[in-house]
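First comes the structure, then the notes that go with it.
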Amino acid sequence: MPTTRETVSIQELLAQRDFARKASELISRRYEHPPLAYVHSFGCQQNQSDGEKIKGMLAQMGYGFTDAPESAQLVIYNTCAVRENAEDRVFGHVGALKPLKKEHPDLMIGLCGCMMQQQSVADKIKNSYPYVDLVFGTHALHLLPELLYRRLSGEKRQFSLPEGNGRIAEGLPVRRDGKIKANLPIMYGCDNFCTYCIVPHVRGRERSRLPKDILAEAQDLAAQGYREITLLGQNVNSYGKGLPEPIDFSDLLRQVDAVPGDFMIRFMTSHPKDCTRKLIDTIAASKKIYHHIHLPVQSGSDRVLAAMNRRYTVEDYLQLIGYARERMPDVTFSSDIIVGFPGETREEFEQTLQLIRQVEYTALFTFIYSRRSGTKAAQMDDPVPAEEKSRWMRELLDTQSAIREKQQEAFIGKTIRVLADGYGKAGEGWISGRNDSNDIVEFKGPGSAIGRFVNVKIERAMNWALFGTLV
Ligand code: SAH
Ligand code: SF4
Ligand code: F3S
């Protein structure tokens, strides 16, 4: 499959900058105070990262921000299409805006993200939600200034769903959500077409950013004092396809690792079929990369993996894990699991249980299979009733919590490094942070610890967090 790498041209970006300027003039004439925008991202980190660009463009147009949709002049929902319940939640939220719009007819409502890149969804909004002003798909993110300007200046409702594979738009303004951890997209889209998954259909083909753009952003983040950078892509292990100079993900990681600064590196998501020994060696030799790999396995059955088009076997997967543990005895893993893929049998599900007992993940993200129309799996026979799948899910969760409990107990008495990232939930004076494997750790300490790497001696464990004292 050819990998394309089309970019949004400088001329197009300048044209949008121009629309942003015109929008900002219009906004300052229309509103006495800077208007407020409420932007909510429903999906994965890639989606959150798009949300930060949306906020960057809105800030450029003169918007401030609020956490309350009721006090906003503009509400934007950045949607996710990965499972049906994600979509239902969005429709629920959009429905709830109707009375708000009735009360404040000036309120602008925009919907964007993966759900909106589907024509059927955009049509549904057009026909059944007449109070929505803007609808734009993932491929139209950079067009926000134009769409908003047109609508604000009285044109009809704006719908934009560019066809094709999506392009790379460099240089969009970004307004990041935090000051400690930053997402850094290194690639967009996906070429894998796992049979259950809608992502390649709504995000387009895989395209990698140039290393120089990624490194410049990493340097900038380090200079701003960010303590953790997460390199993002649907399959980071295939980074580099279609770039003018040959480079793979390990090479890129080495370059980001060499960026000066007091920060650590995460990356997601690693597809096991493209996870190489070179990558594991690179992590082992690095200074800044956490010894933790999110390596979604999805299922412990070779037949199900083949039906999912995952292109690895359980044996391949376990060999990788074994190699990583050989090279880094302290390495930990997390994973995604789908329960109840069409045609999955009880025996096949038990193979998944067997696998998770064997690997002992520190975290599992578990999902009941959700039929996505347009995907291959949507055509497959799916005889297992929903209640049965829910029972399997509970079994999976129980199995994992027993594993987790043992791991948590093993922490007691140990001193671990934690990146403090905010106030804790345990009560007054508690600080919260994360260790290398992204477990929540709470400890008593001063607010000034937030944003630093600290050592914490673990004394107690509950299922949601570890607790300890500052060393
Ligand atoms: N690119 C990443 C994951 C993207 S989606 C990867 O390949 O790992 C995140 C997770 O959602 C997937 O790993 C999968 O476990 C789950 N998922 C995707 N489509 C799904 C569907 N139709 N039903 C249930 N879970 C799904
Ligand atoms: Fe979906 Fe598979 Fe691509 Fe991940 S690798 S986004 S699961 S198609
Ligand atoms: Fe992410 Fe959901 Fe889109 S998981 S890529 S926001 S479909």
Side-chain angles (χ1 to χ4, degrees), residues 35-55 58 63 65-138 140-141 144 147-148 151 157-161 177 196-199 201-203 336 338-340 365-375 378 382 386-387 389-390 393-394 397:
L36 298 177
Y38 172 82
V39 179
H40 185 75
S41 296
F42 286 83
C44 62
Q45 275 159 297
Q46 193 74 249
N47 176 260
Q48 310 278 338
S49 167
D50 287 348
E52 295 178 331
K53 288 183 185 146
I54 290 169
K55 287 183 216 169
L58 292 176
Y63 281 91
F65 297 92
T66 171
D67 290 333
E70 310 78 56
S71 49
Q73 280 76 43
L74 169 67
V75 171
I76 292 192
Y77 287 146
N78 183 22
T79 64
C80 169
V82 79
R83 283 170 293 274
E84 196 176 355
N85 56 8
E87 295 205 340
D88 290 346
R89 230 155 41 100
V90 169
F91 281 118
H93 275 77
V94 177
L97 289 177
K98 191 176 180 180
L100 203 61
K101 179 95 171 191
K102 216 168 201 173
E103 224 177 289
H104 309 282
D106 271 356
L107 175 68
M108 284 274 147
I109 299 175
L111 305 178
C112 62
C114 292
M115 248 173 107
M116 301 304 143
Q117 189 61 42
Q118 303 171 94
Q119 191 64 52
S120 58
V121 176
D123 290 344
K124 179 167 170 183
I125 300 290
K126 196 177 234 166
N127 299 327
S128 310
Y129 298 82
Y131 53 93
V132 172
D133 298 286
L134 313 170
V135 171
F136 53 110
T138 51
L141 191 71
L144 173 60
L147 301 172
L148 189 56
R151 184 61 175 155
R157 303 162 73 202
Q158 299 288 307
F159 288 80
S160 182
L161 281 86
D177 290 336
Y196 50 80
C197 186
I198 195 72
V199 172
H201 305 266
V202 292
R203 285 272 175 186
D336 296 350
I338 295 178
V339 172
F365 302 89
T366 53
F367 311 101
I368 291 187
Y369 169 75
S370 169
R371 192 181 160 277
R372 305 285 64 206
S373 79
T375 62
D382 190 4
E387 309 81 69
K389 291 186 183 183
S390 300
M393 178 62 129
R394 277 197 297 278
L397 294 176

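The first residue in the sequence is number 1, and the count goes up from there.
- Applying the salt bridge (charged side-chain N to carboxylate O under 4.0 Å, His left out) test to residues at least two apart or on different chains, the pairs with a partner in residues 124-133 are K101-D133, D133-R151.
- Side-chain contact between L58 and L74: present, with at least one pair of heavy atoms (C-beta onward) separated by less than 4.5 Å.
- Contacts of S160 classified as side-chain contact (heavy atoms from CB on, under 4.5 Å), with partners at least two apart in sequence or in another chain: F136, A140, L143, L147, P162.
- For the atom pair L144 CG and K53 NZ, the distance stands at 13.0 Å (nearest 0.5 Å).
- Checking each of L111, I54, T138, V90 against N78 for a side-chain contact (heavy atoms from CB on, under 4.5 Å) leaves exactly one that passes, namely I54.
- One N or O on the side chain of T79 and one on the backbone of M115 form a donor-acceptor pair closer than 3.5 Å.
- To the nearest 0.5 angstrom, E52 atom CD is 10.5 Å from N47 atom CG.
- Here the closest heavy-atom approach between residue Y63 and residue L36 is recorded as CD2-C, 4.1 Å.
- Annotation: D67, atom CG; neighbour count of heavy atoms from other residues, nucleotides and ligands within 6.0 Å does not exceed 12.
- Here the NZ-CD distance, from K389 to E387, works out to 10.5 Å after rounding to the nearest 0.5 Å.
- Taking both residues in full, the closest heavy atoms of L100 and P69 are given as CD2-O, 3.8 Å, listed atom of the first, atom of the second, then distance.
- Here the side chain of S128 pairs no donor or acceptor atom with the backbone of I125 at under 3.5 angstrom.
- Ion pairing between D50 and R203 holds under the 4.0 Å rule for side-chain N and carboxylate O.
- One side chain, Q119 or D123, offers a donor N or O that lies under 3.5 Å from an acceptor on the other.
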Determine, stepwise, if the pair I109 / Y131 fulfils side-chain contact (heavy atoms from CB on, under 4.5 Å).
CA-CA 7 Å; I109 299 175; Y131 53 93; 3.8 Å; yes
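- I338 is not listed as a side-chain neighbour of I368, based on a closest heavy-atom distance of 4.5 Å or more.
- When atom types are taken as modelled, the side chain of R372 and the backbone of A378 share no donor-acceptor pair closer than 3.5 angstrom.
- Distance alone, capped at 3.5 Å, places no donor-acceptor pair between the Q73 side chain and the P35 backbone.
- Rounding to the nearest 0.5 Å places CG of L134 at 9.0 Å from CZ of F159.
- Between the S41 side chain and the G43 main chain, no donor and acceptor come within less than 3.5 Å of each other.
- Looking at heavy atoms from C-beta onward, T375 lies out of side-chain contact with Y196 at the 4.5 angstrom threshold.
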Show your working on side-chain contact (heavy atoms from CB on, under 4.5 Å) between I198 and C114 and close with a plain yes or no.
CA-CA 9 Å; I198 195 72; C114 292; over 6 Å; no
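- Sorted by first and then second residue, the ring pair (Phe, Tyr, Trp, His ring centres under 6.0 Å) pairs involving residues 89-117 (not counting sequence neighbours) are F42-H93, Y77-H93, F91-Y129.
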Between M116 and L161, does the side-chain contact (heavy atoms from CB on, under 4.5 Å) criterion hold? Intermediate values first, please.
CA-CA 8 Å; M116 301 304 143; L161 281 86; 5.9 Å; no
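- Interatomic distance, CE of M393 versus OH of Y369, reported as 15.0 Å (0.5 Å rounding).
- How far OH of Y38 is from OG of S71: 10.0 Å, rounded to the nearest 0.5 Å.
- Nearest heavy-atom pair across V202 and Q117 is O-CG, 3.3 Å.
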Are R83 and R371 close enough, and set up right, to give a side-chain contact (heavy atoms from CB on, under 4.5 Å), and what steps lead you there?
CA-CA 7 Å; R83 283 170 293 274; R371 192 181 160 277; over 6 Å; no
